[in-house]
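First comes the structure, then the notes that go with it.
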Amino acid sequence: MENKKVIKKLKQLIGDQNVLTSEWNKLPYSKGWRYGAGSALAVLKPNKLSDIWRILQICAKENIIIIMQAANTGLTGGSTPCGNDYDRPIIVINTMLINNIHIIKEGSQIVSLTGSTLFDLEKKLKPYGREPHSIIGSTSIGASIIGGICNNAGGSLVQRGPSYTEMALYAKINKNGNLELVNELGINLGSSPEEILDNLQNQNYKESDIINTNKLGSDDKYSEIVRQIDKNTPSRFNSDSRLLYGASGSAGKIAVFAVRLDTYISPKENKVFYLGTNDPDVFWKIRRDILSKFKTLPTLGDYLHRDCYDAAKKYSKDTFLVIERLGTTFLPTLFELKRKVDIIAKKLKFLPDNFSDRLMQFLSIFFPNHLPKRMEKFRDLYEHHWIIEMSDDGISEARDYFTNIFESNDGDFFECNDFESKKASLHRFVSASAIGRYHILNSKSHGEMMSLDIAFPRNEKNWFEKLPKEIDSMLEMKLYYGHLFCHVLHQNYILKKGVDSEKLKSKLLKIYDKRGAEYPAEHNVGHEYLAKPSLKKFYKELDPTNVFNAGIGRTSKNKNWG
């Protein structure tokens, strides 16, 4: 069928207003949040699960590549086209209009439909005294629940590990090119695909239809794994075969309609401790002591280098202020507004590229210093900063330990009050955007930007990077932050003008390979990283004809993996 006829059929199915075909309207969905962009025949915004099923039938029949997309907040371009070298047309199905969340089993589990967000889940669970898998970072930017599952997303929380479930409802295309519905949700919903999907979306099922199953709704091994400090492998990384199952780790190689997940009991009390030192070995010792000797694992533990602290203070100030004053609910709206402003600015030749970033950076100058005095004092005293949050019984355990450890080791700590706790956590969160802003503002004088997401072995002592001189000399800037307890480091670089980023990246990855590191750690391969053989094998088993998200992990973009 010709493309025009396909578009006409899709419009008849879901309405003209939900089929985007102009480049202007498609851009927010065909361009990644930080990486990747490409052309799509259309962007579809269905509001019924059964309509997604019918769309998939059309695409399968007409030899069209399908990219499933929720919030499009990924950092490696995994939910958009990348380039224009595909052998078939592409349709992006954005699922954000289907955002139902069902609370089941008295709040101990939930069923998340395809476009629901972590932020909405956090609000829904509060009356039950429960929390979702992730409550930091991903929640703030409006990330979807299923996006986290499909990418085995990690995060800041030490006790919970990567997003994982063995209970999902999804569609796949088999080796004969036929569409199949797979119901591993553990809920009796009917027989035909349309009946199952409509019953689910309308929550047309009883408690008695929910099957008690031994299948996992979360990673139940991670708290043991992260404590094994002498193991020579990382605690978590995206291609870990332990966590590749159905929807979990699928990276868009199937169409996920819903997942069933565990929730977590909210702590009664939380306390944030702010640590500083000039000796990386001190943090190495603290990490080992806490993981091996504490009865209570930390809630989170986020690291920030002084250079990254400074960059975030200057270049992420506007994002910080928006979240602090308008709340996280406004952040997805802000990102959408930024995208639209930049699209308009591109059409007006007298305005510079990335106009929204330049404008927000300029306006941020007029606001006073937003960081607490004790944090600023630690910035002057110490190169390495660590924000550690403890809960309930772990609070006194940590307080006593930190008091003793800094009597005989370089550094110090303070207990944050509520005001400082919020500021410290938010400062660390917005630091992720600092390098992007810096690069935009200085792109004419510097080379490319490169962000690596590395999981180091649990027994690694030299966690803080010391690069060979020949590599260090190629870099204009280095910004380091990460999740120190699980040894996941986000290592961000601005290259000097003229440096070949692919060659440099290859050299860096060889260094990490020798150290037993895995990558990516939590952002998944997207179109930025090469999928390792085990991950590629998993993708091929899910999608033998390469219809869904072709090219992911730098694999083939051609039909049947040609």
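Each of Asn18, Ile93, Thr95, Leu10 was scored for a side-chain contact (heavy atoms from CB on, under 4.5 Å) with Pro46, with one residue passing: Ile93.
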Practice task
Report the C-alpha separation of Ile14 and Ile55 in whole Å, then their side-chain angles, then the decisive distance to 0.1 Å, and conclude whether the side-chain contact (heavy atoms from CB on, under 4.5 Å) test is met.
Solution key: CA-CA 9 Å; Ile14 62 172; Ile55 291 165; 4.2 Å; yes
Practice task
Could you walk me through whether Leu535 and Asn238 pass side-chain contact (heavy atoms from CB on, under 4.5 Å), step by step?
Solution key: CA-CA 9 Å; Leu535 193 58; Asn238 283 129; 5.5 Å; no
Practice task
Go through the steps for Ser433 and Ser316 under the test side-chain hydrogen bond (donor to acceptor under 3.5 Å, both in side chains), then give the verdict.
Solution key: CA-CA 6 Å; Ser433 64; Ser316 302; 3.1 Å; yes
Problem - Full working for side-chain hydrogen bond (donor to acceptor under 3.5 Å, both in side chains) between Asn560 and Thr545 - result: CA-CA 4 Å; Asn560 298 316; Thr545 62; 4.9 Å; no
Practice task
Applying side-chain hydrogen bond (donor to acceptor under 3.5 Å, both in side chains), run through Ser501 and Glu448 and close with a yes or a no.
Solution key: CA-CA 7 Å; Ser501 63; Glu448 295 181 59; 3.0 Å; yes
Practice task
Take Asn178 and Ile173 through the test side-chain contact (heavy atoms from CB on, under 4.5 Å) and record every step on the way to the result.
Solution key: CA-CA 5 Å; Asn178 297 321; Ile173 292 175; over 6 Å; no
Practice task
Given side-chain hydrogen bond (donor to acceptor under 3.5 Å, both in side chains), test Asn84 with Ser39 step by step and report yes or no.
Solution key: CA-CA 6 Å; Asn84 297 307; Ser39 59; 2.7 Å; yes
Practice task
With side-chain contact (heavy atoms from CB on, under 4.5 Å) as the test, would you mind laying out the steps for Val182 and Leu169 before giving the verdict?
Solution key: CA-CA 6 Å; Val182 180; Leu169 177 67; over 6 Å; no
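The two residues Ser112 and Ile146 have their closest heavy-atom pair at O-CD1, 3.7 Å. Minimum interatomic distance between His133 and Leu157 (heavy atoms only, all atoms of both residues): O-CD1, 3.1 Å. For Val547 against Arg88, the heavy-atom pair with the smallest separation is CA-NH1, 4.0 Å. The minimum heavy-atom distance between Gly246 and Phe538, with the atom names listed, is O-CZ, 3.6 Å. Ser79 approaches Met68 most closely through the heavy-atom pair CB-O, 4.3 Å. Nearest heavy-atom pair, Ala550 versus Ile65, reported as atom, atom and distance to 0.1 Å: CB-CD1, 4.0 Å.
Here the side chain of Ser218 pairs no donor or acceptor atom with the backbone of Asp220 at under 3.5 angstrom. Remark: side-chain polar atoms of Ser250 are not paired, donor with acceptor, to backbone N or O of Lys253 under 3.5 angstrom. Using a distance-only test at 3.5 Å, with no hydrogens or angles considered, no donor-acceptor pair links the side chain of Lys26 to the main chain of Ala42. Looking only at distances, a side-chain donor or acceptor of Gln69 sits under 3.5 Å from a matching main-chain atom of Tyr29. Under a 3.5 Å cut-off, the side chain of Asp307 and the backbone N or O of Leu479 do not form any donor-acceptor pair. In this structure, Asn549 contributes its side chain and Gly78 its backbone to a donor-acceptor pair below 3.5 Å. His487 contributes a side-chain N or O that, together with a main-chain N or O of Pro457, makes up a donor-acceptor pair within less than 3.5 Å. Not one N or O on the side chain of Glu528 forms a donor-acceptor pair closer than 3.5 Å with the backbone of Pro520. Under the 3.5 Å distance criterion, the side-chain polar atoms of Asn72 are matched with a main-chain donor or acceptor of Lys31. Ser116 contributes no side-chain N or O that, together with a main-chain N or O of Ile101, makes up a donor-acceptor pair within less than 3.5 Å.
Between His446 and Tyr438, the distance separating the two ring centers is shorter than 6.0 angstrom.
A 4.5 Å side-chain heavy-atom check between Leu542 and Phe548 finds every atom pair outside the cut-off. Side-chain contact between Asp302 and Phe485: absent, with no pair of heavy atoms (C-beta onward) separated by less than 4.5 Å. Looking at Thr80 and Tyr35, their side chains never come closer than 4.5 Å, going by heavy atoms from C-beta outward. Between Gln491 and Asp453, the closest side-chain pair of non-hydrogen atoms is not below 4.5 Å. The shortest distance between side-chain heavy atoms of Leu27 and Ser30 falls below 4.5 Å. A heavy-atom distance below 4.5 Å is not found between the side chains of Lys507 and Lys503. Leu200 places a side-chain heavy atom less than 4.5 Å from the side chain of His102. When side chains are defined from C-beta on, Lys505 counts as touching Met450, because their heavy atoms get closer than 4.5 Å.
Note: Arg242 CZ to Asn152 CG = 9.0 Å, rounded to the nearest 0.5 Å. Going from atom CD1 of Ile435 over to atom CD1 of Ile440 covers 11.5 Å, rounded to the nearest 0.5 Å. The CD1 atom of Ile110 lies 4.5 Å from the CG atom of Leu261; values are rounded to the nearest 0.5 Å. Note that OG of Ser192 and CH2 of Trp53 are 9.5 Å apart. Values are rounded to the nearest 0.5 Å. Leu44 contributes atom CG, which lies 11.5 Å from atom CD1 of Ile67 (distance to the nearest 0.5 angstrom). Put simply, CD1 on Ile7 and CD on Gln12 are 12.0 Å apart, with the number rounded to the nearest 0.5 Å.
The pair Lys557-Asp85 meets the salt-bridge criterion, with a side-chain N (NZ, NE, NH1 or NH2) lying under 4.0 Å from an Asp/Glu carboxylate O. Note on Arg236 versus Asp219: no salt bridge recorded, every NZ/NE/NH1/NH2 to OD/OE distance being 4.0 Å or above. Note on Lys4 versus Glu62: no salt bridge recorded, every NZ/NE/NH1/NH2 to OD/OE distance being 4.0 Å or above.
Donor-acceptor pairing under 3.5 Å is lacking for the side chains of Thr165 and Arg260. A side-chain N or O of Asn25 and one of Ser22 form a donor-acceptor pair less than 3.5 Å apart. Between the side chains of Asn546 and Lys540, no donor-acceptor pair is found at a separation under 3.5 Å.
Ring orientation note: the planes of Phe456 and Tyr512 are nearly perpendicular, at an angle over 60° on the 30°/60° scale. Relative ring orientation between His490 and His523 is described as parallel, the plane-to-plane angle staying below 30° on a 0-90° scale split at 30° and 60°.
Note on residues 510-521: pairs passing salt bridge (Lys or Arg N to Asp or Glu O under 4.0 Å), not counting sequence neighbours, are Glu460-Arg515, Glu518-Lys532.
In this structure, His439 has no ring pair (Phe, Tyr, Trp, His ring centres under 6.0 Å) partners at least two apart in sequence or on a different chain. Every side chain to side chain contact (heavy atoms under 4.5 Å, CB included) that Leu467 has, sequence neighbours left out, goes to Glu465, Ile471, Asp472, Leu475, Lys478, Tyr480, Tyr493, Leu508.
Applying the 6.0 Å contact sphere to NZ of Lys215 captures more than 12 heavy atoms from other residues, nucleotides or ligands.
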